[in-house]
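Being a predicted model, the structure only gives us computed values, none of them experimental.
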Amino acid sequence: MASADWRLEGEWLKNCNCAFGCPCDFNARPTNGECEGLVAMRITKGHFNDVSLDGLHFAVTVHFPGPLHEGNGDAQPILDERASPEQREALGAILSGENSAEGTLFHIFSLIVTRMHDPVLAPFEFSFDKEGRTARMIARGVLETEVEPIKNPVTGEPHRAQIVMPEGFEHRMAEIASSNIRSMGAIKFETNGRHSSLAHVVQTPQGVAA
C-alpha cells in the first residue's frame, strides 16, 4: 500500500440520491435504503510519480444496495478523454486504491466495491463555484449533473449549510447543496433535488491533506 508518490488537488463533487444531509456523513443508513451517486473531480494540480495530471477530470458512478460499509457496490470510472495512455494508467492506479494507505478514501472504496465496470472515456465540461453552491458537470453521453443552492421552502431564498469533518477521509469541509443526476453508463439512474457536497480537496496516499 501507498507505494507510489501521488497527489490530487482540486474541486470535488459528491452527489447522490439521499436527502440534503447525506446520512453517510453521519454513519447512518441511506435515505431510501440504497445508494446511487457519483464523485467527480477537476484536478487543478496533480501527479502520479512523474506523470502530470494537471487539468484533467474524472468521475465515478456507484450503486450500493445498502449502507456503503456493507459493501457489494458497483462502480464505473469515467476518465477525461484528453488523458494520454500514461495519464489514464495513472488515474486508474490511484482510483484502484492499491497505492493508498489503509483507511484512506480510495483504499476504502476498493474494499466496498464488488464489481468494477470497465472505465469509459468521455469529453468533460465542468463548472464549479463552491461559495455559490453551484456546479455543472457533463461527461458527454455518460453522465450529467447540476448543482444549485438548497432553497428555503417558505421564501425560496438560497439556504446555506456546511459539514465539517475534522477526521474525514473525503474532505475536511464541504458546502451542502441540491443536485440532479442523469447517469447513462453501466450504472443507470436519475435523481432530482437530492444531496450534493462541494469541496476543495487535496488527496495523497496518506489521506486528506486539506
Side-chain angles (χ1 to χ4, degrees), residues 10-26 28-44 56-68 73-81 95 105 109 112-113 117 119-163 165 168 170-171 173-201:
E11 299 162 337
W12 180 265
L13 281 178
K14 180 187 75 175
N15 298 346
C16 70
N17 65 329
C18 279
F20 295 141
C22 179
C24 288
D25 291 333
F26 301 90
R29 301 186 71 84
T31 302
N32 299 311
E34 63 179 3
C35 174
E36 295 176 320
L38 66 93
V39 295
M41 187 176 193
R42 175 163 59 189
I43 304 167
T44 55
L56 294 179
H57 307 80
F58 71 84
V60 181
T61 55
V62 299
H63 175 269
F64 290 87
L68 271 63
D74 281 33
Q76 183 173 42
I78 305 166
L79 306 181
D80 196 324
E81 70 170 14
L95 295 176
L105 175 63
F109 192 74
I112 61 177
V113 170
H117 296 272
V120 295
L121 301 176
F124 274 77
E125 299 175 29
F126 197 106
S127 61
F128 183 95
D129 179 357
K130 179 185 170 185
E131 294 300 311
R133 286 98 69 210
T134 62
R136 181 172 181 264
M137 191 217 66
I138 297 175
R140 195 177 307 155
V142 188
L143 179 64
E144 300 177 1
T145 189
E146 303 93 22
V147 176
E148 65 177 8
I150 299 166
K151 302 294 178 61
N152 183 296
V154 177
T155 67
E157 292 297 310
H159 173 72
R160 191 170 190 180
Q162 298 175 337
I163 181 166
M165 304 181 74
E170 181 185 0
H171 55 68
M173 188 280 285
E175 295 281 351
I176 306 303
S178 172
S179 72
N180 302 329
I181 307 170
R182 289 169 298 285
S183 179
M184 301 159 281
I187 302 173
K188 295 178 172 60
F189 63 93
E190 186 168 338
T191 70
N192 291 284
R194 309 303 285 173
H195 170 80
S196 178
S197 296
L198 300 88
H200 291 286
V201 302

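In this structure, CG on L143 lies 9.5 Å from CD1 on I138, to the nearest 0.5 angstrom. To the nearest 0.5 Å, atoms OG1 (T61) and CD1 (I78) are separated by 5.0 Å. Rounded to the nearest 0.5 Å, atoms CG (L38) and NE2 (H63) are 14.0 Å apart. Between the CG atom of L79 and the CG atom of L56 there is a distance of 9.0 Å, given to the nearest 0.5 Å. One finds the NZ atom of K14 at 11.0 Å from the CG atom of L198 (value rounded to the nearest 0.5 Å). A distance of 9.0 Å separates CD1 in I43 from NE2 in H57, rounded to the nearest 0.5 Å.
Contact record, R194 with N17: NE-O, 3.0 Å, taken as the closest heavy-atom pair. Heavy-atom minimum distance, M165 versus D25: CE-O, 3.7 Å. Across A19 and H195, no two heavy atoms sit closer than the pair O-CB, 3.1 Å. Nearest heavy atoms, I187 versus Q76: CD1-N, 3.8 Å. Scanning both residues, F109 and L95, for their nearest heavy atoms gives CD2-O, 4.4 Å. Scanning all heavy atoms of the two residues, the minimum distance from F64 to I112 falls at CE2-O, 3.4 Å.
With a 4.5 Å cut-off on side-chain heavy atoms, H159 and F20 do not count as touching. Here the side chains of E144 and E190 are not in contact, with every heavy-atom distance at 4.5 Å or above. The shortest side-chain heavy-atom distance between V201 and E170 does not fall under the 4.5 Å cut-off.
Around the CZ atom of R136, the shell of radius 6.0 Å holds no more than 12 heavy atoms that belong to other residues, nucleotides or ligands. Crowding of R140 atom CZ: a count of heavy atoms from other residues, nucleotides or ligands under 6.0 Å not exceeding 12.
Put simply, the side chain of D80 never gets that close to the backbone of P123: no donor and acceptor are under 3.5 Å apart. Remark: the backbone N or O of F189 is not paired with any side-chain donor or acceptor of E36 at under 3.5 angstrom. Judged by distance alone, with hydrogens and angles left aside, the side-chain atoms of N152 form a donor-acceptor pair with the main-chain N or O of V154 at under 3.5 Å. No donor-acceptor distance shorter than 3.5 angstrom exists from the side chain of T191 to the backbone of N180, with no hydrogens or angles considered. S178 contributes no side-chain N or O that, together with a main-chain N or O of E148, makes up a donor-acceptor pair within less than 3.5 Å.
Taking the six-membered ring where tryptophan is involved, the planes of F128 and H200 are perpendicular, since the angle between them exceeds 60° and thus also 30°.
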Start with the C-alpha distance between F124 and R42, add both sets of side-chain angles, then the distance that settles side-chain contact (heavy atoms from CB on, under 4.5 Å), and finish with yes or no.
-> CA-CA 9 Å; F124 274 77; R42 175 163 59 189; over 6 Å; no
Apply side-chain contact (heavy atoms from CB on, under 4.5 Å) to the pair C16 and C22, showing each step before the final yes or no.
-> CA-CA 8 Å; C16 70; C22 179; 4.1 Å; yes
Take V113 and V62 through the test side-chain contact (heavy atoms from CB on, under 4.5 Å) and record every step on the way to the result.
-> CA-CA 9 Å; V113 170; V62 299; 5.5 Å; no
Worked check of side-chain contact (heavy atoms from CB on, under 4.5 Å) between R133 and Q162 | CA-CA 10 Å; R133 286 98 69 210; Q162 298 175 337; over 6 Å; no
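A salt bridge does not link E175 with K130: none of the charged nitrogens is closer than 4.0 Å to a carboxylate oxygen.
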